[in-house]
There are 2 protein chains.
Amino acid sequence: MDTKEKISYSDKKFEDESRCPMTDFINIVSGKWAIPTLYRLIITDDIIRFGALQRGIGGITQKELTKQLRTFESLGIVSRQEYPEMPPRVEYRITELGKTLKPTLDSLAHWMTEHRDELLANSRNNAS
Amino acid sequence: MDTKEKISYSDKKFEDESRCPMTDFINIVSGKWAIPTLYRLIITDDIIRFGALQRGIGGITQKELTKQLRTFESLGIVSRQEYPEMPPRVEYRITELGKTLKPTLDSLAHWMTEHRDELLANSRNNAS
DNA sequence: CTGAATCCTTAAGGATACTG
DNA sequence: CAGTATCCTTAAGGATTCAG
C-alpha cells in the first residue's frame, strides 16, 4: 500500500457532483449481469440461496455473482444472511429499497418483450 | 482479412435464443453512455445536430457518441439525416420506436432521483 | 462540423483451482 | 456450499491526429 494512492476512475463512481440521474444509475447498475441479477432477486421476492440464485440467473459465473451481490449489499438493495454451518448456507433477499425498483424493471422487461422482434428485424436489415 | 474469421463474443449479441428480456436489453443498451445518449435524444424530441448532442450529454467523446448513434440507428431507434454541405451538417432524431422507451427511462430517472441520497448514504456507511 | 483511424490504458468478465 | 484467488483474454473507452 502506498501513502498516496492512485485515484482510479472507479473511485469517482456515484460521488457527489454528477447530478445526472442516468449517469448515477449506470454507475450503480452496470455491466452484463447487474440487471439480470437484480431482476431475479426482485422476482423471487423471498430469501434465496447463492446456488439457487446462480442457477436462476443462468450463465453467470460464481465470481461475477459474488461481485454483484457485494455491490448491491453495500447499497442496501440486497440483504445477506450467513449461517455458519457446514456446508455453509447463505441467503440473499431483496430489501424494501430494492423492491422500489420493481415497477421500473417491469417496464423495461415489458418494453423489451414488446419490441424485441421489431428491433431484431431492424438489426438484421441494417447488418453490415 | 481472413477467409475464416474468428467468431467473437459480440457476434452473439441480440441473436435468437437468449429469451430473457433483461439480457436482450443489456445487449442493446450497454455501456457507460448508451442510456445517457438515448435519454438526451428522447428528452430533446426533435432534430439535434451531432455537436449539440455531444455537448448536451456532457463528457462523451466523439468516438463514443458516433458508436452509440450507429448502434441506435441500426436498431431503428434513432434516425440520421446527413446534409452534404460544407461544413457538414448531420441531424439526429429519436424515432417513434425510440420514443416508446420514454416512460421506462422516465421511471428510471425518477427512481434514481428519489433514492439517490439513500443509496449514497448506504454506500458511504458500508465503504470498505 | 462530423466523423474515421490509431494508439493506448483500464475494466469486465470467463476459466480454473483451491478452501473452510 | 459459498465463496477466494489467480490467470488470462477481450471489450470499453479516452486521447489524439487527420480528413472531407
Side-chain angles (χ1 to χ4, degrees), chain A residues 5-14 23 26-37 40-41 47-74 78-93 128, chain B residues 1 5-14 23 26-37 41 47-74 78-93 128:
Chain A
E5 308 194 6
K6 196 172 70 174
I7 307 285
S8 76
Y9 289 127
S10 38
D11 291 335
K12 293 185 61 183
K13 270 188 180 177
F14 197 42
T23 303
I26 296 303
N27 284 339
I28 290 178
V29 182
S30 67
K32 188 173 173 181
W33 294 107
I35 292 186
T37 300
R40 172 59 50 168
L41 283 159
I47 56 171
I48 181 169
R49 297 184 59 174
F50 185 90
L53 184 54
Q54 183 174 14
R55 286 189 299 277
I57 296 167
I60 191 172
T61 61
Q62 173 274 321
K63 171 185 162 188
E64 195 57 26
L65 179 53
T66 300
K67 194 187 73 183
Q68 290 298 334
L69 289 171
R70 294 288 177 277
T71 301
F72 293 144
E73 200 193 342
S74 80
V78 166
S79 69
R80 176 181 191 273
Q81 178 65 268
E82 182 176 356
Y83 298 88
E85 311 167 348
M86 204 50 165
R89 173 166 56 111
V90 181
E91 291 173 347
Y92 292 92
R93 189 200 308 242
S128 56
Chain B
M1 307 283 184
E5 308 193 6
K6 195 171 69 174
I7 309 283
S8 75
Y9 290 128
S10 38
D11 291 336
K12 293 185 61 181
K13 268 189 182 177
F14 197 43
T23 304
I26 295 303
N27 284 339
I28 291 179
V29 182
S30 68
K32 188 174 172 179
W33 294 107
I35 292 186
T37 300
L41 284 158
I47 55 171
I48 181 169
R49 298 185 57 174
F50 185 91
L53 184 54
Q54 183 175 13
R55 286 189 299 277
I57 296 167
I60 191 173
T61 61
Q62 171 270 316
K63 172 186 161 187
E64 195 56 27
L65 180 54
T66 300
K67 194 187 73 182
Q68 290 297 334
L69 289 170
R70 293 289 176 277
T71 300
F72 293 144
E73 200 192 344
S74 80
V78 167
S79 69
R80 177 181 191 273
Q81 178 65 266
E82 182 177 357
Y83 299 89
E85 310 167 346
M86 205 49 166
R89 173 165 55 110
V90 181
E91 291 172 348
Y92 293 92
R93 190 201 307 244
S128 56

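As the structure is a computational prediction, the values presented were derived from the model and not from experiment. Every chain is numbered from 1, with letters handed out A, B, ... down the list of sequences.
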Measure the spacing between [atom1] of [X] and [atom2] of [Y] and express it to the nearest 0.5 Å.
{"X": "Ile57(B)", "Y": "Leu41(B)", "atom1": "CD1", "atom2": "CG", "result": "6.5 Å"}
{"X": "Thr37(A)", "Y": "Gln54(A)", "atom1": "OG1", "atom2": "CD", "result": "10.0 Å"}
{"X": "Arg89(A)", "Y": "Met86(A)", "atom1": "CZ", "atom2": "CE", "result": "14.0 Å"}

[N] [atom2] sits how many Å from [X] [atom1], rounded?
{"X": "Asn27(A)", "N": "dG13(D)", "atom1": "CG", "atom2": "C1'", "value": "14 Å"}
{"X": "Gln68(A)", "N": "dG14(C)", "atom1": "CD", "atom2": "C1'", "value": "14 Å"}
{"X": "Ile60(B)", "N": "dA12(D)", "atom1": "CD1", "atom2": "P", "value": "14 Å"}
{"X": "Leu65(B)", "N": "dT2(C)", "atom1": "CG", "atom2": "P", "value": "10 Å"}
{"X": "Ile26(B)", "N": "dA12(D)", "atom1": "CD1", "atom2": "C1'", "value": "15 Å"}
{"X": "Trp33(B)", "N": "dA11(C)", "atom1": "CH2", "atom2": "P", "value": "16 Å"}
{"X": "Glu64(B)", "N": "dA11(D)", "atom1": "CD", "atom2": "C1'", "value": "11 Å"}
{"X": "Glu85(B)", "N": "dT2(C)", "atom1": "CD", "atom2": "C1'", "value": "12 Å"}

No-hydrogen, no-angle side-chain donor-acceptor test under 3.5 Å, Tyr83(B) and Glu91(B):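 Per modelled atom types, Tyr83(B) and Glu91(B) side chains form a pair under 3.5 Å.
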dG13(D) phosphate, OP1 or OP2, under 4.0 Å from Thr61(B) side-chain N/O: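 No, no such contact exists.
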Contact under 4.0 Å: Lys32(B) side-chain N or O vs dA11(C) OP1/OP2: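 It does not, given that no N or O in the side chain of Lys32(B) lies less than 4.0 Å from OP1 or OP2 of dA11(C).
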Test side-chain contact (heavy atoms from CB on, under 4.5 Å) applied to Thr66(B) and Glu64(B), Gln62(B), Lys63(B), the passing residue: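 Exactly one pass, corresponding to Gln62(B).
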Can you pull every protein N or O that's under 3.5 Å from an N or O on nucleotides 1-5 of chain D?
residue: dC1(D); atom: O3'; partner: Arg49(A); partner atom: NH2; Å: 3.0
residue: dA2(D); atom: OP1; partner: Arg49(A); partner atom: NE; Å: 3.0
residue: dA2(D); atom: OP1; partner: Arg49(A); partner atom: NH2; Å: 3.3
residue: dA2(D); atom: OP2; partner: Gly51(A); partner atom: N; Å: 2.7
residue: dG3(D); atom: OP1; partner: Arg70(A); partner atom: NH2; Å: 3.3
residue: dG3(D); atom: OP1; partner: Arg80(A); partner atom: NH2; Å: 2.5
residue: dG3(D); atom: OP2; partner: Tyr92(A); partner atom: OH; Å: 2.6
residue: dT4(D); atom: OP1; partner: Arg70(A); partner atom: NH2; Å: 3.2
residue: dT4(D); atom: O4; partner: Gln62(A); partner atom: OE1; Å: 2.8

Distance-minimising heavy-atom pair for Ala34(B) and Val29(B):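 Where Ala34(B) meets Val29(B) most closely, the heavy atoms are CB-CG1, 3.7 Å.
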